[in-house]
Amino acid sequence: MLTRLKAKSEGKLAKQICKVVLDHFEKQYSKELGDAWNTVRKILTSPSCWQYAVLLNRFNYPFELEKDLHLKGYHTLFQGSLPNYPKSVKCYLSRTPGRIPSERHQIGNLKKYYLLNAASLLPVLALELRDGEKVLDLCAAPGGKSIALLQCACPGYLHCNEYDSLRLKWLRQTLESFIPQPLINVIKVSELDGRKMGDAQPEMFDKVLVDAPCSNDRSWLFSSDSQKASCRISQRSNLPLLQIELLRSAIKALRPGGILVYSTCTLSKAENQDVISEILNSHSNIMPMDIKGIARTCSHDFRFSPTGQECGLLVIPDKGKAWGPMYVAKLKKSWSTGKW
């Protein structure tokens, strides 16, 4: 019965694949990824292959669920393999597809776990947040990375910004669902155009995360409105400029010596490597930080595609490792004056 339901569900979803988007991706990614695109395309267009990681909430720890996950064959992500991995972060995943049910939002009750694409933790871990630091999540909705940051450490100040008003409501609800009141008091939520944050709060933050608006490959492939999808595709070339402007604002908001992590959930080189190259070429006070070590230690859980950058990683979906797409780049602001 369960098999039939899965097959029926997969068939229903397969009909919803947007041909306009798939054709566009086919032309671009077959060139950028080569033969790897065949596997990536198969995973992205087959939701029955998708995997979901379970991030446990340390503020309402689900001990019984953790036991159950062990019994079901789940294992912890990164534990013991990644240097500086926060012991307070517990994320479980299975090598087989499927997901446990999401929890409902209940006012006054903290949720016990958050379901996510495991690759979404990489930018958070790359930031290496420490207790007491001031951190900015510039494009924070729906809030998963903010929640993950708070599993890593207790910042002195966390600024969660989201320019889209509908997504801002989602962000507020996510924070309310996972974070206890004492910590909520060190969190500020704002609705500012991220491109103006640097001028509003210059050199304010020790760490900045820019999880930028991008061509969300998984989501776009299942666009139900082909006309809207065509419009998205036609405007896609504008995204790198927005991403560069957000990064320039983030650099202004970052104190000298601070760390900046940039991430997207697209495979697109124009929105990933090319954006970072532009920033490095136009800002003499921004230095790349080598994060290849993450790829070396995490290859058993993720498939990485070459980026040609020591400071950048690209996770691509693979069979049994259906995580990503996720691009992550790590930069550091030096004390010298930059070019603007």
Side-chain angles (χ1 to χ4, degrees), residues 17-18 21-22 24-25 28-29 32-33 36-37 39-41 43-47 49-53 55 77 91 93 99 114-127 137-149 162-164 167 170-171 174 194 209-223 229 232-233 235-240 242-244 246-247 250 260-276 291 294-295 298 301-305 307 309 312-318 321-330:
I17 293 171
C18 184
V21 175
L22 183 58
H24 180 79
F25 284 178
Q28 180 182 351
Y29 295 150
E32 293 183 6
L33 297 177
W37 167 241
T39 302
V40 172
R41 180 188 57 211
I43 301 292
L44 290 181
T45 56
S46 305
C49 297
W50 295 3
Q51 294 165 266
Y52 297 85
L55 178 65
L77 189 62
C91 185
L93 55 89
R99 59 180 289 173
Y114 187 88
L115 299 181
L116 75 167
N117 185 318
S120 298
L121 275 184
L122 291 176
V124 171
L125 295 169
L127 207 57
D137 190 349
L138 189 62
C139 312
K145 291 183 178 65
S146 293
I147 296 302
L149 282 167
E162 177 54 51
Y163 190 38
D164 184 290
R167 287 172 62 83
W170 192 0
L171 169 64
T174 301
L209 174 62
V210 181
D211 186 41
C214 67
S215 308
N216 185 329
D217 293 353
R218 284 193 189 229
S219 174
W220 282 26
L221 275 168
F222 290 89
S223 302
R232 274 178 170 171
I233 293 297
Q235 295 176 357
R236 193 182 187 204
S237 59
N238 298 329
L239 282 169
L242 170 62
Q243 292 155 347
I244 289 167
L246 287 168
L247 279 170
L260 168 63
V261 169
Y262 173 75
S263 61
T264 73
C265 53
T266 180
L267 298 162
S268 174
K269 181 175 176 288
E271 298 176 50
N272 295 337
Q273 296 99 307
D274 293 352
V275 165
I276 293 301
I291 54 171
I294 293 178
C298 301
D301 282 320
F302 298 104
R303 181 180 179 185
F304 294 93
S305 180
T307 62
Q309 297 172 319
L313 299 174
L314 179 63
V315 177
I316 61 173
D318 197 9
K321 304 177 183 179
W323 313 112
M326 180 61 58
Y327 175 78
V328 186
K330 186 173 183 176

Looking at every heavy atom in both Trp323 and Ala118, which two are closest together, and how far apart are they? CE3-N, 3.3 Å

Closer than 3.5 angstrom, by distance alone: can the side chain of Thr266 be matched with the main-chain N or O of Ser268 as a donor-acceptor pair? yes

Give a yes or no answer on whether the side chain of Gln243 reaches the backbone of Pro213 with a donor-acceptor pair at less than 3.5 Å. yes

Test item: Ile17 and Phe222 side chains (from C-beta on) under 4.5 Å apart, heavy atoms: yes

Does the side chain of Phe304 come within less than 4.5 Å of Val315's, by heavy atoms? yes

Decide whether a cation-pi geometry holds between Arg218 and Trp50; the criteria are a distance under 6.0 Å from NZ or CZ to the six-membered ring centre and an angle within 45° of the ring axis. yes

Check the pair Cys139 / Leu246 against side-chain contact (heavy atoms from CB on, under 4.5 Å), numbers first and verdict last. CA-CA 9 Å; Cys139 312; Leu246 287 168; 4.0 Å; yes

In short, Ala119 meets Pro123 closest at the heavy-atom pair O-CD, 3.5 Å

Polar side-chain atom of Ser263 near backbone of Val328 as donor-acceptor pair, under 3.5 Å: no

Just by distance, do the side chain of Asp318 and the backbone of Lys321 share a donor-acceptor pair under 3.5 Å? no

For Val21 and Ala229, which heavy atoms make the closest approach, and how far apart are they? CG2-CB, 3.8 Å

Can you tell if the side chain of Ser215 reaches within under 4.5 Å of the side chain of Leu239, non-hydrogen atoms only? yes

Gln28 and Arg236: CA distance, side-chain angles, deciding distance, side-chain contact (heavy atoms from CB on, under 4.5 Å) verdict: CA-CA 12 Å; Gln28 180 182 351; Arg236 193 182 187 204; 2.5 Å; yes

Between atom CG of Asn216 and atom OG of Ser223, what is the distance when rounded to the nearest 0.5 Å? 9.5 Å

Grab the two heavy atoms, one from Leu55 and one from Cys91, that are nearest each other, plus how far apart they are. CD1-CB, 4.1 Å

Is the closest side-chain heavy-atom distance between Leu77 and Leu121 below 4.5 Å? yes

Distance, nearest 0.5 Å, that separates CZ of Arg99 from CG of Leu116: 11.0 Å

Side chains of Ile294 and Leu125: closer than 4.5 Å at any heavy-atom pair? no

Heavy atoms only: give me the nearest Thr39-Pro317 pair and the separation to one decimal. CG2-O, 4.4 Å

Residue among Glu271, Lys269, Gln273, Gln309 satisfying side-chain hydrogen bond (donor to acceptor under 3.5 Å, both in side chains) with Tyr327: Gln309

For a 4.5 angstrom cut-off between non-hydrogen side-chain atoms, does Leu44 reach Pro325? yes

Checking Leu242, Asn272, Thr264, Leu267 against Cys214 for side-chain contact (heavy atoms from CB on, under 4.5 Å), the one that qualifies is Thr264

Would you say the side-chain atoms of Tyr114 and Ser120 include a donor-acceptor pair closer than 3.5 Å? no

Parallel, tilted or perpendicular: ring planes of Trp220 versus Phe25, cut at 30 and 60 degrees: parallel

Rounded to the nearest 0.5 Å, what separation is found between the CG atom of Leu209 and the CG atom of Leu260? 8.5 Å

Determine, step by step, whether Val261 and Val210 satisfy the side-chain contact (heavy atoms from CB on, under 4.5 Å) criterion, reporting the C-alpha distance in whole Å, the side-chain angles of both residues, the deciding distance to 0.1 Å, and the verdict. CA-CA 6 Å; Val261 169; Val210 181; over 6 Å; no

Any donor-acceptor pair under 3.5 Å linking the side chain of Asn117 with the backbone of Gly324? yes

Work out which heavy atom in Ile291 is nearest to a heavy atom in Gly312; give both atom names and the distance. CG1-N, 4.3 Å

Is there a side-chain contact between Leu313 and Thr307, using heavy atoms and a 4.5 Å cut-off? no

Do Val40 and Tyr29 come within less than 4.5 Å of each other through their side chains, counting heavy atoms only? no

Rounded to the nearest 0.5 Å, what separates atom CG in Leu122 from atom NZ in Lys330? 12.0 Å

Glu162 side chain to Ala141 backbone, donor-acceptor under 3.5 Å: yes

